[in-house]
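Only one structure is covered here, and it is reproduced in the block below.
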Amino acid sequence: MRNEDETRAARSDTSAFNSAFRVPHSALVVGGGLAGLAAAVGLARHGFRVTVLESRNRLGGRAGSFTDPGTGQMVDACQHVSMGCCTNLAHFLRTVGVDHLLAPQPKLYFVTPDRRVSTFKADPWPAPFHLGRALMGAHYLTPCDKLRVAYGLAAMLWARPDADPPLLPWLRTHRQNQRTIDRFWGVVLTSALNETVDRVGLKYARKVFRDGFVRHRDAFTVHVPTVPLGRLYGDELRAWLAKHDVELRENAGAKRLVLGAPGVSAVELRDGSALSADWYVLAVPFDRVSDLLPDELSSRESYFAGVKNLTPSPITSVHLWFDRPTMKLPHAVLVDCLGQWVFDRGEVAPGEFYLQVVVSAARDLRGLGRDEVRRQIVEELGRVFPPVAGAKLLRAKVVTEHAATFSAVPGVDRWRVPQASPVANLAVAGDWTETGWPATMEGAVRSGYGAAEVILERAGRPAKLVQPDL
Ligand SMILES: Cc1cc2nc3c(=O)[nH]c(=O)nc-3n(C[C@H](O)[C@H](O)[C@H](O)COP(=O)(O)OP(=O)(O)OC[C@H]3O[C@@H](n4cnc5c(N)ncnc54)[C@H](O)[C@@H]3O)c2cc1C
């Protein structure tokens with residue numbers, strides 16, 4: 001990586017020289033979340049010399065862990081899961097050699113406050129019939145509700161793929177009652193989209209059911225990391241990056257992109273230094289983008305104008321350590337409850353049994369305070385899983401990520417930008433860019449691969465990185 005002055009002098013000659021003699025191109029990726037890491041991996045695999053700038057002292061961005069100061073344990077800020085339909089994330093994890101650290105869950109357990117459990121698993125029939133019996137077996141829906149749901153699903157799948165009216169009125173006009181909205185559509189969509197049914201549009205709801213459940217037998221299989229995210233996106237990933245000459249600079253916050261001719265000429269860091277490369281990938285969350293853009297760029301390019309309209313949606317996770325095992329299931333989807341998913345992470349230290357409860361679209365918890373949130377969640381778990389009520393709660397932690405994801409409101413795609421920016425040597429990545437996916441790890445990796453494809457194309461070395469759907 002060169003200093004800015006050296007680069008300015010050399011810059012005009014660089015591209016012609018590079019393409020004539022196949023000198024490795026250099027790329028600077030701002031943001032070490034999954035989008036930035038996927039871009040780095042994509043470019044490094046094609047011979048680019050890549051540097052990743054990350055403002056925090058760890059990789060993984062929102063998919064990260066923290067070290068509990070009391071115990072030294074690595075704790076995920078929030079449990080992250082993926083599904084079989086996440087083909088780009090799976091490819092990324094395979095590429096960097098950590099795919100063995102996820103456990104597929106062939107069965108999902110849906111539990112209601114009366115402690116009844118429905119097991120959701122595929123039959124050996126071709127899609128879309130593989131899950132028909134599982135849906136028909138859901139104890140929390142009446143036979144009539146199930147017919148309503150089947151009708152609603154069929155209508156949704158027949159809807160135009162780009163149609164994105166508000167979902168709730170659409171559901172009502174398609175024969176859904178409050179019970180099917182709360183116990184079926186709401187249960188699936190609030191977790192998948194991190195947004196409540198009354199705020200989302202039809203487009204991403206359709207995407208969830210079509211790609212996640214209907215299109216392929218393996219699509220609905222949930223994959224749960226067997227190690228904290230900090231390990232999943234930790235040493236093994238670093239080893240891969242080091243082997244491919246990717247330089248990682250942590251605690252290196254970017255302050256601003258510097259414009260030159262014909263594009264970005266450097267990244268100014270918060271410590272006052274500057275770094276330059278041939279190509280740049282901006283891979284920060286949507287609410288950080290405008291801070292990093294030089295004024296002349298934000299005022300000149302309408303490309304970035306819509307980003308400010310994206311709005312965040314929060315997720316709260318409640319971490320509970322008990323003195324004994326409390327659940328017989330590895331996880332449970334909670335129906336008619338405040339918590340939506342609970343994961344049993346087992347005995348994480350001698351005599352400490354760890355559960356994590358996730359509340360997506362957690363706006364209603366705002367203002368309750370951590371103690372009250374913990375109290376309500378523990379009380380609820382005690383009702384659903386009686387051993388919880390008899391166990392001693394050793395420790396608890398309530399973590400809220402206020403800007404966990406962008407909110408998939410109707411028509412949200414008009415504010416998402418393609419990875420190909422109008423600036424010649426700049427690509428943009430992030431789960432909020434135009435991926436066709438909601439804000440997920442899969443969307444982040446897709447965007448990173450997409451950004452790398454843009455650069456490879458513009459550098460005259462086109463390659464296909466984005467993986468096909470299942
Ligand atoms: C609580 C929670 C639960 C979630 N659960 C799931 C789940 O179960 N499944 C799923 O698929 N998705 C889940 N998600 C969403 C998923 O985490 C994100 O979609 C994905 O990680 C986004 O990756 P990204 O690279 O686009 O952004 P980020 O992860 O936000 O990465 C951006 C990076 O840029 C860095 N950065 C910011 N500013 C600067 C700067 N000035 N200079 C240098 N670096 C900078 C940040 O520190 C960060 O590391 C969850 C998210 C949250 C918050």
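In each ligand, atom 1 is the first atom listed, and ligand 1 is the first ligand listed.
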Return the protein residues near ligand 1 (heavy atom under 4.0 Å from any of its atoms), ordered by chain and residue number. V30, G31, G32, G33, L34, A35, L53, E54, S55, R56, G60, G61, R62, A63, C78, Q79, H80, V81, A252, G253, A254, R270, A283, V284, P285, L292, I315, E401, A404, G430, D431, A439, T440, M441, A444
E247 bridged to R249 by N-O distance under 4.0 Å: yes
Which residue pairs pass the salt bridge (Lys or Arg N to Asp or Glu O under 4.0 Å) test with at least one member in residues 402-427, sequence neighbours excluded? K203-D413, D413-R416
Tell me which one of L334, V335, V117 satisfies side chain to side chain contact (heavy atoms under 4.5 Å, CB included) with F110. V335
Using the ring of each side chain (for Trp, its six-membered ring), is F48 parallel, tilted or perpendicular to H25, with breaks at 30° and 60°? parallel
Is there any salt bridge (Lys or Arg N to Asp or Glu O under 4.0 Å) pair reaching into residues 325-347, and which pairs are they, with sequence neighbours excluded? R183-D336
Counterpart residues, side chain to side chain contact (heavy atoms under 4.5 Å, CB included), relative to D271 (two or more places apart): L269, S273
